[in-house]
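In what follows, a structure is listed as structure tokens, so that the remarks can point back to it.
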There are 2 protein chains.
Amino acid sequence: MPDKEQSNEEGFGKYILIDKLKNKYPEAFGDTGSYGAVSGILCLEGIHFNLVYFPLQHLAYKTVINSIADLYCRNVLPLNIIVNIGLSARFKKPDIENLIEGMLLACKRYGLKISSLDISSSLTGLAISIASTGKRTDGFRQVKAEETDLICVTGDLGAAFLGLQLLERERKVFEATGGAQPKLEGFEYVIGRQLKPDIKVNVLEEIKEEGIATGVIRTVRDGLASEIIHISRETGMGCRIYHDRLPIDRDASAAGRELGFEPLIAALNGGDDFEFVFTAPVSEHAKIEKIEKLSIIGHLVPRSEGNSLVLQDGSLAELKAQGWTESPIR
Amino acid sequence: MPDKEQSNEEGFGKYILIDKLKNKYPEAFGDTGSYGAVSGILCLEGIHFNLVYFPLQHLAYKTVINSIADLYCRNVLPLNIIVNIGLSARFKKPDIENLIEGMLLACKRYGLKISSLDISSSLTGLAISIASTGKRTDGFRQVKAEETDLICVTGDLGAAFLGLQLLERERKVFEATGGAQPKLEGFEYVIGRQLKPDIKVNVLEEIKEEGIATGVIRTVRDGLASEIIHISRETGMGCRIYHDRLPIDRDASAAGRELGFEPLIAALNGGDDFEFVFTAPVSEHAKIEKIEKLSIIGHLVPRSEGNSLVLQDGSLAELKAQGWTESPIR
């Protein structure tokens with residue numbers, strides 16, 4: 001049985017590792033049909049969430065959001081979730097009820113049902129895995145990405161990460177002082193983005209209704225930078241994004257000042273925003289501009305130019321992302 | 001962050017608990033379509049497996065088997081698996097490769113591809129969750145269960161559990177003696193059933209080809225007794241099964257004698273056999289008898305007669321099962 005162990009560091013080069021595995025075992029990987037309509041996630045206590053400041057209801061709600069977000073990109077309307085929960089003995093029946101209530105909130109909001117629930121023991125806290133599925137819907141008007149395409153993003157970025165930093169700070173204060181009340185007034189937006197995120201389904205619907213042609217569409221899961229690198233790989237082109245075009249909410253900027261943390265970094269590398277990033281032909285510019293909560297943040301460039309961020313002074317910085325550096329797993 | 005904690009006891013009344021949750025939150029549960037084509041599982045180190053005697057390759061292979069088995073009952077040919085792995089720092093790159101190699105074995109045998117792989121950190125050993133999906137196939141010829149229906153099971157029962165007991169015993173000897181070699185000769189079959197189980201896809205195909213009408217079909221996951229209770233609930237009838245009709249392999253009986261463990265108990269309450277149990281009209285008797293690796297083990301009875309096991313002396317014992325007793329989770 002496992003003792004409490006050192007976790008792998010965050011951002012341990014998982015994309016590099018996964019690439020290597022795909023190269024080494026090409027016959028194991030692929031899609032034999034049907035895959036697109038299913039998404040699966042695994043959330044582990046102490047790694048993906050900390051129950052000190054994450055109420056169980058919110059956690060369960062968010063885990064459902066996390067599980068279904070990708071389906072919208074794949075033209076699937078989520079309908080059912082298959083839930084597996086592992087619980088250690090410190091969890092009691094009311095805790096389990098809180099989890100189900102949180103899931104129920106997400107189910108009501110997104111029209112889902114729990115089709116299957118299984119509960120097992122766990123040696124170490126809480127583990128939740130959710131598979132979600134649904135029915136195929138009308139798709140985005142999809143075109144091949146071109147070197148002149150725009151890069152667009154829904155909503156705003158970085159707020160969820162800054163909310164998490166505030167919660168972390170207050171936890172430390174709470175522990176150091178033996179119980180000082182957290183000072184979170186004025187930061188409701190960023191904390192809400194962390195604890196009860198939403199999916200901008202309406203914006204995606206508008207993109208479809210307006211008939212905006214799209215190329216690659218992805219959920220912003222582990223920060224924008226990571227998705228930009230994915231887009232670069234999928235299109236075989238480079239990406240250029242502009243610091244002053246990144247949608248950063250005023251409240252996120254305020255939280256950044258409060259924490260002494262650059263909101264740009266939160267937008268690039270913070271997770272959990274559940275926004276969507278996609279490419280679109282430059283001819284769609286006017287249609288895109290009309291849609292609220294949708295921003296043009298950059299454009300594709302020839303591959304040779306790489307992936308870069310244009311800073312406010314016009315200089316270029318190479319875009320790097322967590323998970324794309326060499327793995328410490330040997 | 002979680003310390004190493006007490007696990008919930010095995011068989012903590014999960015079915016009772018899940019029933020209560022379904023009653024308390026009826027609007028959360030259900031099936032809004034598409035569900036049947038997806039299955040999801042979560043396997044946690046120290047709870048669902050012990051790496052002391054479970055080689056990583058076998059574990060990964062078996063986790064895939066575990067994930068796809070139910071799909072066959074639901075008339076879905078599994079095609080794709082979506083894999084999430086959590087790993088603590090004691091796992092190195094060759095360990096991850098072993099996991100992928102084990103999955104690849106299952107993929108080759110059952111015609112699957114890994115459509116999505118994600119790897120994250122874990123504080124405590126290994127966690128694997130797999131969602132699997134596929135395409136709908138020709139169904140079983142399904143009829144409403146009747147009070148006179150037969151209860152049938154594929155393959156044999158209890159061997160996987162007895163294999164596990166042997167491995168557990170050898171682990172204890174190994175630890176107590178500081179490294180005595182395990183004595184597992186002659187027990188290859190039961191150990192194989194634990195470490196590299198197979199799904200009797202061919203038997204299911206034969207049932208379809210012979211046009212055998214079927215009622216409820218379930219995978220034997222946590223022992224036969226548990227499934228019998230599920231069948232009783234689904235049909236609204238009682239079940240009677242016969243000790244001397246239960247298919248117990250000769251090698252499982254030998255392992256039982258070696259261990260001083262009653263193979264009947266292994267068949268009723270041991271997990272991991274991945275066999276299938278189903279009901280069929282009594283008129284299908286002759287067709288069922290013709291199929292190899294398919295046994296008639298009992299029949300439905302009026303609900304008032306309850307679920308019982310007919311012992312060899314003709315006396316009746318009430319059938320109970322793990323997971324169906326009152327939960328210690330308060």
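Small disclaimer: the values here were computed from a predicted structure and weren't measured. Order of the sequence lines sets the chain letters (A, B, ...), proteins ahead of strands, with each chain counted from 1.
Residues of residues 164-173 of chain A never come closer than 4.5 Å to chain B when only heavy atoms are counted.
Remark: A/Tyr35 OH to B/Ile114 CD1 distance equals 12.0 Å, nearest 0.5 Å. A distance of 11.5 Å separates CG in B/Asn84 from CD1 in A/Ile130, rounded to the nearest 0.5 Å. Considering CD1 of B/Ile100 and NZ of A/Lys22, their distance stands at 10.0 Å, rounded to 0.5 Å. Put simply, CD1 on A/Ile82 and CG on B/Leu42 are 13.5 Å apart, with the number rounded to the nearest 0.5 Å. The CG atom of A/Asp31 sits 10.5 Å away from atom NZ of B/Lys113, with the distance rounded to the nearest 0.5 Å. Separation of atoms CG (A/Leu44) and CG (B/Leu44) is listed at 7.5 Å; rounding is to 0.5 Å.
Neither the backbone nor the side chain of B/Ile81 has a heavy atom closer than 4.5 Å to any heavy atom of chain A. With a threshold of 4.5 angstrom between heavy atoms, B/Tyr25 approaches chain A through side-chain atoms but not through N, CA, C or O.
Environment of CG in B/Asn23: crowded, with over 12 heavy atoms of neighbouring residues, nucleotides or ligands closer than 6.0 Å.
When each of A/Gly40, A/Gly86, A/Gly134, A/Gly30 is checked for heavy-atom pairs under 4.5 Å with chain B, A/Gly30 comes out on top. Heavy-atom pairs under 4.5 Å with chain B peak, among A/Ser129, A/Ala131, A/Ala106, at A/Ser129. Between chain B and the residues A/Lys24, A/Lys108, A/Met103, the most heavy-atom pairs under 4.5 angstrom are made by A/Lys24. Taking chain B as the reference chain and counting heavy-atom pairs below 4.5 Å, the highest number among A/Ser116, A/Ser132, A/Ser115 is found for A/Ser115.
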Walk me through whether B/Val38 and A/Asn80 qualify under side chain to side chain contact (heavy atoms under 4.5 Å, CB included). CA-CA 9 Å; B/Val38 180; A/Asn80 292 291; over 6 Å; no
How far apart are the C-alpha atoms of A/Leu17 and B/Ile119, what are their side-chain angles, what is the distance that settles it, and do they pass the side chain to side chain contact (heavy atoms under 4.5 Å, CB included) test? CA-CA 9 Å; A/Leu17 177 62; B/Ile119 300 175; 3.7 Å; yes
Would A/Ile47 and B/Leu123 count as a side chain to side chain contact (heavy atoms under 4.5 Å, CB included) here? Give the steps. CA-CA 7 Å; A/Ile47 300 293; B/Leu123 286 180; 4.0 Å; yes
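Among pairs with a residue in residues 115-125 of chain B, those fulfilling salt bridge (charged side-chain N to carboxylate O under 4.0 Å, His left out) read A/Lys14-B/Asp118, at least two apart in sequence or across chains.
Looking at A/Leu117 and B/Leu21, their side chains come closer than 4.5 Å, going by heavy atoms from C-beta outward.
B/Ser120 and A/His48 get closest at one heavy-atom pair: OG-CE1, 3.2 Å.
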